[in-house]
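What follows is a single structure, written as structure tokens, with notes after it.
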Amino acid sequence: MPELPEAETIVGGLRGPLVGRAVSSVEVIRPDLLVGPPERFSEGVTGRTIGGVSRRGKNVVIRIGYTGSSATDSAFLVVNLGMSGRLLHRPTGARSPLPSHPGVRFLLDDGSQLVYDDVRRFGRLRLMPSPAFGAWSGTLGPEPLSRDFKVAGLIRELARSRTPIRGWLLDQRRVAGVGNIYANEALFRARVHPLRPANELSSDEARRLHGAIRSVLRAAIAANGTTLRDYRTAQGWHGSYARQLRVYAREGSDCMRCGDEIQRATFGGRSAFFCPTCQPSAEVSA
DNA sequence: CGTGCCCCCTGTCAGC
DNA sequence: TGCTGACAGGGGGCAC
């Protein structure tokens with residue numbers, strides 16, 4: 001599901017309704033969604049005030065603290081949505097459809113609710129004290145839309161691995177927030193075959209990939225993310241980037257760039273989509 | 001440490 | 001109509 005653009009869209013939809021609200025009560029319907037004991041989770045959240053909503057990679061981060069506290073005595077609720085997780089805000093008296101598979105429900109002091117809903121239950125909610133949050137964040141790679149994500153750094157890191165580039169992009173320790181949809185889309189834009197070993201990309205290909213990752217993520221954010229099936233915004237809406245996808249789920253269709261037929265291949269346990277002409281399996285010298 | 005494979009879970013769809 | 005198998009946006013654990 002949700003990759004960086006979807007998490008970013010959810011964050012944008014939660015910030016207004018959540019920031020400044022206190023959590024009146026928590027209902028843990030599916031304890032297996034929590035990392036750690038449910039009692040500690042409930043005690044750590046109940047009665048506290050939401051200080052901010054942000055994102056790290058694909059994760060939604062909700063900062064929680066006592067009213068008036070500084071950031072240092074905050075805790076961080078980190079939500080990884082897995083494949084089918086949703087974070088839905090339901091205003092008081094909302095007529096929006098009921099969540100189908102609610103896992104955790106937060107009742108807020110204005111009567112509205114935040115519901116974590118997840119059909120497949122691959123998602124996880126983790127409440128972390130500040131130091132643990134910092135350590136966890138440090139295990140993730142740079143934010144691809146930040147200034148920390150540099151061409152030089154990408155070239156250096158690519159050289160250290162011979163993993164196929166599509167798998168390399170999915171590793172959150174390398175770049176935070178890229179998943180299978182946007183890895184495939186970025187590789188098409190950069191004209192790099194998904195099976196190319198990372199350390200065999202030329203510096204020009206790495207430069208193109210760097211730009212392609214950033215532009216595809218930005219475009220997807222502008223479209224509120226990609227809804228193929230499960231993803232919804234915090235308000236329950238669909239994202240509209242699916243109709244702008246150039247290769248993902250377009251197997252058998254014409255390449256928008258050259259007209260050749262888009263191929264699908266399964267490796268690393270997941271589908272890759274690419275144009276065999278625009279993305280040759282070895283770099284073509286100019 | 002890097003890499004590849006399996007599994008977690010439910011729902012949907014294609015094929016028979 | 002109904003059954004079976006493949007597959008779905010993620011990631012943790014394990015063996016090598």
Side-chain angles (χ1 to χ4, degrees), chain A residues 1-10 29-36 55-60 78-87 99-104 116-126 136-137 139-141 144 156-188 194-200 213 216-217 219-221 223-233 237-252 264-273:
Chain A
M1 138 354 348
E3 307 182 23
L4 185 155
E6 290 74 33
E8 182 69 22
T9 303
I10 290 168
I29 301 158
R30 291 282 193 173
D32 56 333
L33 292 169
L34 305 180
V35 177
R55 178 188 62 71
R56 180 77 174 95
K58 303 169 183 176
N59 303 275
V60 174
V78 175
V79 182
N80 184 290
L81 300 138
M83 296 276 260
S84 54
R86 299 173 180 174
L87 268 174
S100 59
H101 297 73
V104 182
Y116 180 74
D117 188 74
D118 192 346
V119 177
R120 294 177 71 181
R121 306 204 302 281
F122 284 176
R124 289 295 178 269
L125 288 79
R126 260 175 95 170
W136 166 80
S137 181
T139 65
L140 300 179
R156 189 176 61 241
E157 292 303 310
L158 286 172
R160 298 181 56 224
S161 171
R162 47 195 177 77
T163 298
I165 186 63
R166 199 281 308 262
W168 193 94
L169 289 172
L170 296 184
D171 187 337
Q172 301 299 294
R173 297 169 301 179
R174 270 78 182 246
V175 185
V178 178
N180 203 30
I181 292 179
Y182 300 112
N184 280 283
E185 292 295 310
L187 287 167
F188 172 77
L195 276 176
R196 295 274 307 287
N199 61 357
E200 289 179 20
I213 291 168
V216 74
L217 294 177
I221 290 170
N224 295 320
T226 302
T227 296
L228 295 176
R229 157 169 283 177
D230 297 310
Y231 161 68
R232 296 291 185 279
T233 71
W237 306 332
H238 294 233
S240 67
Y241 195 70
R243 56 171 160 261
Q244 294 182 63
L245 294 174
R246 299 183 190 175
V247 286
Y248 193 90
R250 293 195 67 245
E251 174 189 13
R264 181 173 83 94
T266 303
F267 53 85
R270 23 208 348 186
S271 292
F273 299 88

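All chains are named by letter (A, B, ...) in the order of the sequence lines, taking the proteins before the strands, and each is independently numbered beginning at 1.
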Inset, instruction - Identify whether any heavy atom of A:Ser161 sits under 4.0 Å from a base atom; if not, whether one sits that close to sugar-phosphate; answer base, sugar-phosphate or nothing. - result: sugar-phosphate

Inset, instruction - Please work out if A:Arg232 contacts a base, only the sugar-phosphate, or nothing of the nucleic acid, heavy-atom cut-off 4.0 Å. - result: nothing

Nearest-0.5 Å distance, [atom1] of residue [X] to [atom2] of residue [Y]:
X: A:Thr226; Y: A:Ile181; atom1: OG1; atom2: CD1; result: 5.0 Å
X: A:Thr163; Y: A:Asn199; atom1: OG1; atom2: CG; result: 8.5 Å
X: A:Met83; Y: A:Leu81; atom1: CE; atom2: CG; result: 12.5 Å
X: A:Arg232; Y: A:His238; atom1: CZ; atom2: NE2; result: 3.5 Å
X: A:Ser84; Y: A:Arg121; atom1: OG; atom2: CZ; result: 9.5 Å

Going by distance alone, is a donor N or O of one side chain under 3.5 Å from an acceptor N or O of the other, for [X] and [Y]?
X: A:Glu3; Y: A:Tyr231; result: no
X: A:Asn224; Y: A:Thr233; result: no
X: A:Arg166; Y: A:Asn180; result: yes

Send over the distance from [X] [atom1] to [N] [atom2], rounded to a whole Å.
X: A:Phe267; N: B:dT3; atom1: CZ; atom2: P; answer: 15 Å
X: A:Arg250; N: C:dG9; atom1: CZ; atom2: C1'; answer: 18 Å
X: A:Arg160; N: B:dT3; atom1: CZ; atom2: C1'; answer: 14 Å
X: A:Asn180; N: C:dA8; atom1: CG; atom2: P; answer: 8 Å
X: A:Arg166; N: C:dG9; atom1: CZ; atom2: C1'; answer: 12 Å
X: A:Met83; N: C:dG9; atom1: CE; atom2: C1'; answer: 6 Å
X: A:Arg86; N: C:dA8; atom1: CZ; atom2: P; answer: 19 Å
X: A:His101; N: C:dA8; atom1: NE2; atom2: C1'; answer: 15 Å

Check nucleotides 11-14 of chain C against the protein and report each pair of N or O atoms closer than 3.5 Å, with its distance, or say if there are none.
unit_1, atom_1, unit_2, atom_2, d
C:dG11, OP1, A:Asn80, ND2, 3.0
C:dG11, OP2, A:Lys58, NZ, 2.8

Legend entry - A:Arg264 vs C:dA8: side-chain N/O to OP1/OP2 distance below 4.0 Å: yes

Legend entry - Presence of A:Tyr248 side-chain N/O under 4.0 Å of C:dG9 phosphate oxygens OP1/OP2: yes

Legend entry - For A:Ala242 against A:Leu228, the heavy-atom pair lying closest together: CB-CD2, 4.3 Å

Legend entry - Heavy-atom pair with the smallest gap, counting every atom of A:Arg250 and A:Leu245: CD-O, 3.2 Å

Inset, instruction - Cation-pi check, A:Arg86 to A:Tyr116: give yes when NZ or CZ is under 6.0 Å from the six-membered ring centre and within 45° of the ring axis, no otherwise. - result: no

Inset, instruction - Please state the P separation for the pair C:dG5 and B:dC7 - nearest whole angstrom. - result: 15 Å

Give me the distances for all protein-to-nucleotides 5-9 of chain B N/O pairs that come in under 3.5 Å?
unit_1, atom_1, unit_2, atom_2, d
B:dC9, O4', A:Arg120, O, 3.4
B:dC9, O3', A:Arg121, NH2, 3.3
B:dC9, O2, A:Arg120, NE, 2.9
B:dC9, N3, A:Arg120, NH2, 3.3

Legend entry - Involving DNA chain B, stems made of at least three consecutive Watson-Crick or G-U pairs, both distances under 3.5 Å: B:2-8 with C:10-16, B:10-16 with C:2-8

Inset, instruction - For A:Arg229 and for A:Thr163, find the nucleotide of DNA chain B with the closest heavy atom, then tell me which residue's nucleotide is more 5'. - result: A:Thr163

Legend entry - Salt-bridge criterion met for A:Asp32 and A:Arg30 (N-O under 4.0 Å): no

